[in-house]
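For reference, the structure is listed below as structure tokens.
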Amino acid sequence: MMQVQDEVVSKHEPQTNKGLAIKIEGLSKFYGNARGVIDLDLTVAEGEVFGFLGPNGAGKTTTIRLITDLIRPSKGQASIFGLDCQRDSVEIKRLIGYLPGELALWGNLTGAETLQYLGNLRGGVDVKFVESLAQRLDLDLRKKFRSYSKGNKQKVGIIQAVMHHPRLLILDEPTSGLDPLNQQEFYAIMREAQAGGASVFLSSHIFEEVERTCQRVAIIREGRMVRVASIHEIISEKAHRLEFSFSQPVPASEFANLPGVTSAEAHGNNLTVLVQGSVAPVVKTAARYPIVNLVTHEPNLEEAFLQYYHSTGEEAK
């Protein structure tokens with residue numbers, strides 16, 4: 001098992017600006033004539049859990065590699081806690097925990113040896129905390145990394161990202177390969193990190209995960225940012241669908257001009273209404289007629305997200 005290391009605290013803590021965990025301004029990356037990302041602007045507040053959404057090839061991983069200084073931008077700039085992502089790269093790496101989308105570690109080392117080595121690079125971590133994380137995720141630290149399943153390799157990646165209590169977690173598809181029980185445990189670990197003051201920048205293709213854990217999201221498409229807003233704002237842009245059954249035919253014209261109604265169609269005793277925003281005016285109008293049944297379909301993040309890709313036929317990953 002891992003050996004206890006004394007935690008080392010730097011005598012020269014970096015001076016950071018309060019308020020923003022991440023700030024991106026005009027960030028662009030080109031690979032020759034190929035597009036990477038173009039003129040990205042984005043801020044993530046301290047203590048926020050922020051979601052980053054887009055299909056394969058949209059530029060999510062490129063953006064993450066730029067702010068972690070794994071690649072350099074063609075133009076623009078980015079900062080983490082007020083520190084320049086290029087000039088202050090070493091200081092920033094002391095403040096962040098990073099889980100890449102493709103995790104490559106040392107196959108001949110056990111899980112414990114891997115985490116001990118990475119912990120030693122940071123001057124030592126709390127071994128009991130590491131072992132508690134492994135227990136919660138049902139990970140056997142005695143096995144060699146190469147023998148782990150994809151899910152167990154992902155658990156090692158999660159532990160190494162959070163074991164030093166970073167101020168900012170940057171997670172690229174963190175629950176990839178995890179079963180539902182371990183996904184729930186990961187969410188609990190992330191909530192605990194946020195409760196402790198950490199910020200989270202989360203790239204994921206699991207919409208339920210983002211909707212459940214994030215306050216705001218950014219949607220990137222073909223290398224460009226197309227929307228940055230709260231989950232509530234993005235979902236509210238998608239219409240609710242209300243399906244009424246009446247005991248008699250009801251004219252659709254009674255509903256077509258109500259506030260927020262985008263469509264009203266009647267078929268016999270049935271009426272379908274699409275409405276953005278409050279459904280109260282529709283429900284009040286329908287209450288004037290004898291209602292037999294009402295079924296509502298609330299929009300979700302996935303439906304709202306897909307509207308940004310209908311025009312090009314792209315599918316969300």
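If you're wondering where the values come from, they're calculated on a predicted model, not measured in any experiment.
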Could you tell me whether [X] and [Y] make a salt bridge, using a distance below 4.0 angstrom between a side-chain N and a carboxylate O?
X: D140; Y: R142; result: yes
X: D138; Y: K155; result: no
X: E113; Y: K144; result: no
X: R227; Y: E233; result: no
X: E192; Y: R136; result: yes
X: E222; Y: R35; result: no

Check: [X] side chain, [Y] main-chain N or O, donor-acceptor pair, under 3.5 Å:
X: E48; Y: A45; value: yes
X: E46; Y: G19; value: yes
X: K75; Y: D39; value: no
X: H232; Y: Q215; value: no
X: S147; Y: K143; value: no
X: D84; Y: R87; value: yes
X: Q154; Y: S149; value: no
X: E254; Y: P251; value: no

Please check if atom [atom1] in [X] has more than 12 non-hydrogen atoms from other residues, nucleotides or ligands closer than 6.0 Å.
X: Q184; atom1: CD; result: yes
X: K29; atom1: NZ; result: yes
X: E102; atom1: CD; result: no
X: N293; atom1: CG; result: yes
X: R216; atom1: CZ; result: yes
X: E243; atom1: CD; result: yes

Output the distance between atom [atom1] ([X]) and atom [atom2] ([Y]), rounded to the nearest 0.5 Å.
X: L27; Y: S74; atom1: CG; atom2: OG; value: 9.0 Å
X: I189; Y: Q194; atom1: CD1; atom2: CD; value: 14.5 Å
X: L169; Y: L95; atom1: CG; atom2: CG; value: 12.0 Å
X: S199; Y: I80; atom1: OG; atom2: CD1; value: 10.0 Å
X: Q86; Y: I92; atom1: CD; atom2: CD1; value: 9.5 Å
X: M163; Y: L115; atom1: CE; atom2: CG; value: 5.5 Å

Provide the closest heavy-atom pair for [X] versus [Y] in the form atom of the first, atom of the second, distance.
X: L141; Y: Y148; value: CA-OH, 3.6 Å
X: L53; Y: K60; value: C-CD, 3.7 Å
X: M225; Y: A218; value: SD-CB, 3.7 Å
X: G151; Y: L178; value: O-CD2, 3.6 Å
X: L202; Y: M190; value: CD2-CE, 4.4 Å
X: A78; Y: I67; value: CB-CG2, 4.0 Å

Using the rule that Ile, Leu, Val, Met, Phe, Trp and Tyr join whenever any side-chain heavy atoms are under 4.5 Å apart, tell me whether [X] and [Y] fall into a single cluster.
X: V250; Y: V292; value: no
X: I38; Y: I24; value: no
X: F30; Y: L66; value: no
X: V283; Y: L274; value: no

[Y] and [X], any side-chain heavy atoms less than 4.5 Å apart:
X: V273; Y: R241; result: no
X: L242; Y: T272; result: no
X: V261; Y: V282; result: yes
X: E173; Y: S203; result: yes
X: I22; Y: L168; result: yes
X: V226; Y: I220; result: no
X: T62; Y: Y31; result: yes
X: T175; Y: F186; result: yes

Any donor-acceptor N or O pair under 3.5 Å, side chains D172, T61: yes
- prompt: For residues S89 and K93, is any side-chain donor paired with an opposing acceptor at under 3.5 Å?
  reply: yes
statement: So ring pair (Phe, Tyr, Trp, His ring centres under 6.0 Å) across residues 244-287, not counting sequence neighbours, yields F244-F246
task: Can you run down the ring pair (Phe, Tyr, Trp, His ring centres under 6.0 Å) pairs that involve residues 48-73, sequence neighbours left out, and say none if there aren't any?
output: F50-F201, F52-F201
message: Let's go through E25 and K23 carefully: what are the C-alpha distance in whole Å and the side-chain angles of both, what is the deciding distance for salt bridge (charged side-chain N to carboxylate O under 4.0 Å, His left out) to 0.1 Å, and is it a yes or a no?
response: CA-CA 7 Å; E25 299 176 286; K23 185 175 183 181; 3.8 Å; yes
- request: Please lay out, stage by stage, how L139 and I159 fare under the test side-chain contact (heavy atoms from CB on, under 4.5 Å).
  value: CA-CA 10 Å; L139 175 66; I159 293 171; 3.8 Å; yes
task: Check the pair E209 / Y187 against side-chain hydrogen bond (donor to acceptor under 3.5 Å, both in side chains), numbers first and verdict last.
output: CA-CA 9 Å; E209 175 175 278; Y187 300 147; 3.0 Å; yes
L20/V44 under side-chain contact (heavy atoms from CB on, under 4.5 Å): CA gap, chis, key distance, verdict: CA-CA 6 Å; L20 292 180; V44 176; over 6 Å; no
task: May I have the step-by-step check of side-chain contact (heavy atoms from CB on, under 4.5 Å) for V279 and T296, ending in yes or no?
output: CA-CA 10 Å; V279 300; T296 65; over 6 Å; no
